[in-house]
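Letters A, B, ... mirror the listed sequences (proteins, then strands); counts begin at 1.
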Amino acid sequence: MEYNFREIEKKWQQRWVANQTYRVTEDPEKKKFYVLNMFPYPSGAGLHVGHPLGYIASDIYARYKRSQGYNVLNPMGYDAYGLPAEQYAIQTGQHPAITTVQNIARYREQLDKIGFSFDWNREIRTCDPEYYHWTQWAFIRMFGSYYDNAQGKAMPIEGLVAHFEQNGSEGIDAACSENLEFTAAEWKAMSEKEQQEVLMNYRIAYLGETMVNWCPKLGTVLANDEVVDGVSERGGYPVVQKKMRQWCLRVSAYAGRLLEGLDRIDWTDSLKETQRNWIGRSEGAELTFKVKDSDVEFVIFTTRADTVFGVTFMVLAPESELVATLTTPEQKEAVEAYLDATKKRTERERIADRRVTGVWSGSYAINPLTGESIPVWISDYVLAGYGTGAIMAVPAHDSRDYAFAKHFGLEIRPLIEGADVSEESFDAKEGIMMNSPRPEQKGECDLVLNGLTVKEAIARTKEYIKEKGLGHVKVNYRLRDAIFSRQRYWGEPFPVYYKEGMPYMVPESCLPIELPEVAKFLPTESGEPPLGHATVWAWDTVNNCVVENAKVDNVTIFPLELNTMPGFAGSSAYYLRYMDPHNHEALVDDKVGEYWQNVDLYVGGSEHATGHLIYSRFWNKFLYDLGYSKNDEPFQKLINQGMIQGRSNFVYRIKDTNTFVSLNLKKNYDVTPIHVDVNIVSNDVLDIEAFKAWRPEYNDAEFILEDGKYICGWAVEKMSKSMFNVVNPDMIVEKYGADTLRMYEMFLGPVEQSKPWDTNGIDGCHRFLKKFWGLFYGRNGELLVTDEAPTKEELKSLHKLIKKVTGDIEAFSYNTSISAFMICVNELSSLKCAKKEILMPLVVALAPFAPHVCEELHELLGGEGSVCDAQWPAWNEEYLKEDSVTYSISFNGKTRFTLDLAADMDNATIEQTVLANENTQKYIDGKTIRKVIVVPKKIVNIVIS
RNA sequence: GCUCGAAUGGUGGAAUCGGUAGACACGAAGGACUUAAAAUCCUUUGGCCAGUGAUGGCUGUGCGGGUUCAAGUCCCGCUUCGAGUACCA
C-alpha cells in the first residue's frame with residue numbers, strides 16, 4: 001500500500017467529527033489542562049501559511065498532554081467585532097454581518113483541513129448576542145464597582161454610597177479621576193444628578209471628559225495602543241487630540257497589581273519588560289508650590305526631589321487648568337496665541353518636529369524650601385496626562401529642561417560635583433551633591449544635601465518634605481485608563497440609556513441588548529455614531545425593552561447609547577466563556593470555573609503585548625475581585641509564535657525588452673527586477689511555461705538561461721498579495737497533505753522565531769512520512785509488521801527518541817524533535833525493523849505532529865480508540881547505557897592506541913580522570929602524556945610533552 | 001535616545017550544564033535503477049593544504065580583547081540587524 005495521504009486524512013477527519021473525538025467535558029477524576037490560541041479576526045483574505053503556525057504548535061502540545069492523561073481544553077472561536085471586520089465590510093460594500101459569516105465559513109473550511117483537535121462544540125463568536133451578553137454584563141458590573149485602594153480590590157459602588165452617607169469622603173481611599181472632599185451632610189444635600197456625577201468619579205467603567213486620540217478618517221477614537229507614531233495602527237491615518245465625552249475603564253487602578261502579577265507568570269522576559277514599560281511605574285514625590293502674591297497653590301510630581309535647589313523655572317502643560325489661573329493680564333495675548341498654535345499641531349507633528357516652544361505665564365511660584373521666586377512657563381513638552389501636568393524644571397540635570405532653558409536663556413545651576421553642564425545636562429542619577437543649598441539659599445532652609453550621593457539625597461529630601469508637610473511620597477504610573485467608546489457600528493452596543501444626560505444601566509435580566517439594523521453603517525468624519533441611523537433605538541423603562549415605533553419622550557422612553565464597544569471588549573474574557581459557552585445563567589458556572597481555573601498555555605503574537613494582553617489581565621482581575629474568575633492571572637504560560645514572512649521571487653527583465661535573464665547572469669545586463677508569483681517557482685527555478693501563461697504580456701517572453709534553467713532571485717518581505725508571495729495552506733495540503741504541512745511548519749525553525757516561509761524544504765518532511773509509512777508497508781504494498789521481540793539496538797533507538805521528544809515538546813522545541821524522528825526512522829529503516837513493540841510507541845509519539853497518518857497506523861497495529869488517548873510512552877534509561885567505551889587515540893597520523901579507561905567513566909569527574917591517566921602514563925613516539933582531559937563519555941583534550 | 005533580543009556552511013537551522021561546532025533537512029555534485037522521466041536508493045558536501053589512498057594538518061560560529069585544560073556558549077569593548085518604547089519629569 002502506498003502512503004495515500006488524501007484518503008487517510010479525509011477518512012480520519014470525518015471519523016473525528018462522527019465520533020466527537022475532541023469533545024471535552026469537565027472530569028473531576030482527571031487533571032485539567034487548558035490550551036488556548038489567540039482567536040483570529042476572520043478577515044476576508046482567508047488564511048495564509050503563517051496563520052496556522054501557532055495553532056499547530058499548541059495543537060501538538062494539547063495532543064501530547066492528552067496522551068499523558070490530562071483532560072485538555074483546546075477551544076477555538078472568532079474575534080468577529082471591531083475595526084478590521086468593519087473595514088473589510090466597508091471596502092467590499094457589504095454588511096459586516098454577512099461578510100463576517102462568509103469569512104468565518106472560509107476560515108473554518110481551511111482550519112478543518114489541517115486536522116486540529118479543537119472542540120468545536122465550544123466555538124464562540126464575539127458578535128453573537130449569546131456571547132456579547134456577557135461582555136455587556138461585565139460592563140454593567142464595572143459601572144457598579146469602584147476600586148478600593150486600601151483593600152486592593154474592586155468593591156460594589158453601594159458600599160461607597162453608604163460610606164458617603166455616614167462619613168462623606170472622609171477615610172475613603174479609592175481610585176478616582178479627581179480627589180473630592182465633602183461631608184456626609186454635603187452629600188445628602190446633593191441632587192441625584194450631582195450624586196451621580198460624584199459616583200462617576202469612582203466607577204471602574206465611567207463616563208469621562210477626556211483628551212482622546214481622534215482619527216477623522218476612521219471616524220472614531222482610538223486607544224493608546226491603537227496609535228503608532230501618531231497615526232492609526234490600522235490604515236495609517238492621522239490622529240489628532242480632541243476632548244470628548246467617552247466611556248472609559250479605570251485600568252489605571254489596577255496598575256500596581258498588573259505590574260506585580262508579572263512576577264508570578266511564565267511569559268518571556270521581553271514581553272514582561274514591554275508590559276512593565278507600558279505600565280511605567282515611577283517612584284517620586286509630589287511637592288506643593290505656592291504662587292507669588294496669590295492664594296493659588298499647585299502640585300508637581302518629581303522623581304528627582306534631590307534637585308529642588310536647582311529649580312530655576314516651572315512649566316505647565318498647555319492643557320492644564322492652571323494656565324488660565326496663572327496667566328497675568330499682560331501675558332494673556334501671548335499665552336492665548338501659544339495655546340492656539342499648540343492645539344493646531346497633531347500628535348504626529350509634535351513627534352516629527354521637536355522644536356522647543358513655550359511662553360511665560362507672567363506669574364512666579366515660590367520654592368517651598370528656599371522661598372525663591374521662580375517664573376512659571378507654559379510649554380507642550382509637559383504632558384497634561386502624566387503626573388499633575390506641571391513640573392519643576394531643573395535644567396542642569398534634565399535634558400528637556402536644559403533645551404528649554406538654553407532656548408529661552410534661563411539659568412542653569414549644576415548640583416552634582418564634576419558635572420559639566422556647559423554643553424549638555426547631566427541626567428544620570430549618580431554623583432555627589434553640591435550647591436544644595438547654595439550659600440545664598442541657606443537662610444531660608446535647614447535641609448542640607450551637600451556631600452550626599454544622589455540616591456541618599458533623594459531619600460533625605462522626601463523625608464524632609466513629609467516632615468514639613470510640603471508634599472508627600474507618591475508612585476505614578478504611565479498606564480492610562482482605556483477609552484471604551486467607539487463611534488462605530490460593528491461592535492457591542494452598550495447596555496446604557498440616558499436620563500437627564502446621566503447614564504443608567506439597563507437591568508441585567510434584559511441582556512443582551514442586540515445590535516440593531518441601521519440604514520447606513522459607515523462612520524462619519526464628524527464623529528456621529530452610525531447607531532444614530534437606527535430607526536428604533538431607545539429604551540422603554542416601563543416594559544424594560546428596546547422600543548419599536550415609539551418616540552423618545554424622556555419620561556418613560558429614553559435614548560440608548562449610540563457608541564459601541566471597542567475591539568478589545570469581546571476579546572478580554574473570552575477564555576472564561578470557552579469553559580462554559582452555552583450557559584444562559586452566568587458567564588461561567590462557578591463549579592466549571594473552579595475546575596478549569598485559567599489558561600495553562602496561551603499561544604499568540606507578541607503584537608498584543610500592550611493591548612489585548614493588558615486589557616485581558618485587567619478584565620480578569622476585575623472579575624476575580626468579584627469572584628467570577630478563579631485565578632488572578634488569566635494566562636499562566638505564554639508563548640509568542642514568530643511571524644511568518646513572505647519569501648518573494650524575482651525575474652529580471654532586460655530594460656526595454658521582453659527578455660528575462662537568469663539570476664547569476666543578470667550582472668551583464670541592465671535589468672529591472674519584477675515580482676513573480678511564488679506558486680510558479682519551485683526551488684527558485686521558474687516554471688517557464690507557467691510564467692508565459694501567467695500574464696498576457698509574457699506570452700512571447702524570451703529567456704536567457706543558465707544550465708538550461710531560469711533561476712529566480714528572492715527576498716524576504718511581508719506576505720502580501722501585491723508581492724505575489726502568499727502561500728495558501730490549502731494548496732500545501734492538497735499537494736503534500738496536512739500531516740506534512742504540520743510537520744514542515746514546525747520543522748522550519750523555533751516556534752518563537754520569525755522566519756520567512758520557504759516551500760523549498762517541504763519535500764524533506766514529506767519524504768520522512770513516506771519512509772515512516774515504509775516501516776509498515778513494503779515496496780509492493782505487503783504488510784511488514786511482525787510480533788517479533790525487538791533487539792537491544794532497536795530498543796535503544798526507540799528509547800533515545802522518546803526521551804528526546806518528551807523533553808523537546810516540554811520545551812516547545814518541535815524542530816529538534818522532528819529531527820529525532822527522522823534519525824530514528826532512518827535507523828529502524830536500515831535495521832529493517834517492523835516490530836509492533838517498537839512501532840506502537842513510535843506511532844503514539846508521532847501522533848501530535850502527524851495525527852492523521854498515526855491514527856491510520858495505530859488502527860493497523862490494533863490500537864483501541866483514537867491514538868490521542870493512547871498512553872504517552874515512557875523511556876527506560878537501561879536501554880540507553882553504553883556497554884563498553886573504548887577510546888581510540890591517533891597521533892601524528894601514525895600511532896594509534898587505545899586508552900583503557902575505567903568502566904564507570906560515565907560518572908567520572910575531570911580531576912578523577914586526569915589522575916587516573918597520569919598514573920598510567922603512556923609513551924607515544926617518545927613523548928609523555930601529561931594530561932588527558934575527560935568529561936563523561938568523552939575525551940576532550942590530550943596534553944603531551 | 002533608552003530597554004530587550006539576535007548574528008553559526010550555498011539555505012533553514014542543531015549543539016539542553018563551558019566539553020568532538022555544523023545534528024536534521026533543503027540545495028548542489030556524482031552514481032545505481034529506468035528506453036526516458038518521475039519516484040526511490042547510495043556516495044560526497046564549511047574553507048584551505050598535503051596524499052594514489054585509508055588519512056592527516058591548518059583554519060573556522062559578526063569584529064577586537066580576556067577568563068579557562070577547554071569558549072558558538074562566560075566577562076569587557078565594538079559593529080550590524082531586529083523588536084518594543086519615546087518629551088513619563
Which part of the nucleic acid, if any, lies within reach of A/R767 when heavy atoms closer than 4.0 Å are counted: base, sugar-phosphate only, or nothing?
sugar-phosphate
Nearest-angstrom distance, P atom, B/rC24 to B/rG46
12 Å
Return the pairing partner of B/rU43 with a 3.5 Å limit on both distances, Watson-Crick or G-U wobble; otherwise return none.
B/rA29
Kindly check if the number of other-residue, nucleotide or ligand heavy atoms within 6.0 Å of CD (A/Q753) is above 12?
yes
P spacing across the pair B/rA38 / B/rA32, given as an integer number of angstrom
15 Å
Using Watson-Crick geometry (N1-N3 plus N6-O4 or O6-N4) or G-U wobble (N1-O2, O6-N3), each under 3.5 Å, B/rC78 is paired with B/rG62
Taking only side-chain N and O atoms of A/S282, does any of them lie within less than 4.0 angstrom of OP1 or OP2 on B/rA89?
yes
Inter-nucleotide C1' distance (B/rC17, B/rA89), Å rounded
45 Å
For nucleotides B/rA6 and B/rG62, find the distance between their C1' atoms and express it as a whole number of Å.
11 Å
Mate of B/rU55 where both pairing distances stay under 3.5 Å, Watson-Crick or G-U
B/rA50
Between the base of B/rU11 and the side chain of A/K755, is there a donor and acceptor pair under 3.5 angstrom?
no
For B/rG9, glycosidic torsion class - syn if within 90° of 0, otherwise anti:
syn
Taking any heavy-atom pair under 4.0 Å as a contact, classify A/N640: base, sugar-phosphate, or nothing.
nothing
Watson-Crick/G-U partner (both atom distances under 3.5 Å) of B/rC69:
B/rG19
Syn versus anti for B/rC17, judged by chi lying within 90° of 0?
syn
Applying a 4.0 Å non-hydrogen cut-off, can you work out what A/I391 is touching in the nucleic acid: base, sugar-phosphate, or nothing?
base
Return yes when atom CG of A/N4 has more than 12 non-hydrogen atoms of other residues, nucleotides or ligands closer than 6.0 Å, and no otherwise.
yes
Of the candidate nucleotides B/rC24, B/rA86, B/rG13, which contains the atom at the shortest distance from the side chain of A/R478?
B/rA86
How is A/P756 classified with respect to the nucleic acid when contacts are heavy atoms under 4.0 Å: base, sugar-phosphate, or nothing?
nothing
When the P atoms of B/rG60 and B/rG47 are compared, how many Å lie between them, rounded to an integer?
16 Å
If the plane angle is over 60° it's perpendicular, under 30° parallel, otherwise tilted; pick one for A/F404 and A/F408.
tilted
Name the nucleic acid region contacted by A/R647, choosing base, sugar-phosphate or nothing; use a 4.0 angstrom heavy-atom cut-off, strictly under.
nothing
Applying the 3.5 Å cut-off to both distances, the Watson-Crick or G-U partner of B/rU35 turns out to be none
Could you tell me which nucleotide pairs with B/rA86 by Watson-Crick or G-U wobble geometry, both distances under 3.5 Å, or answer none if nothing does?
none
For B/rG10 and B/rU44, measure between their C1' atoms and round to the nearest Å.
15 Å
Residue A/N760, side-chain atoms from C-beta onward, closest of B/rA89, B/rG13, B/rC26:
B/rC26
Side-chain contact check for A/S819: nearest option of B/rU40, B/rA23, B/rU16 is B/rA23
Would you please indicate if the ring centroids of A/F849 and A/F821 are separated by under 6.0 Å?
yes
Measure up the A/Y3 and A/H766 rings against each other and bin them: parallel (under 30°), tilted (30 to 60°), perpendicular (over 60°).
tilted
Rounded to whole angstrom, note down the C1' distance from B/rG57 over to B/rC4.
44 Å
At less than 4.0 Å, is any side-chain N or O atom of A/Y386 found next to OP1 or OP2 of B/rA89? Yes or no.
yes
Can you tell me how far C1' in B/rU45 sits from the matching atom in B/rC26, rounded to whole Å?
13 Å
Atom pair distance, as rounded to whole Å: CD in A/E752 and C1' in B/rA83:
14 Å
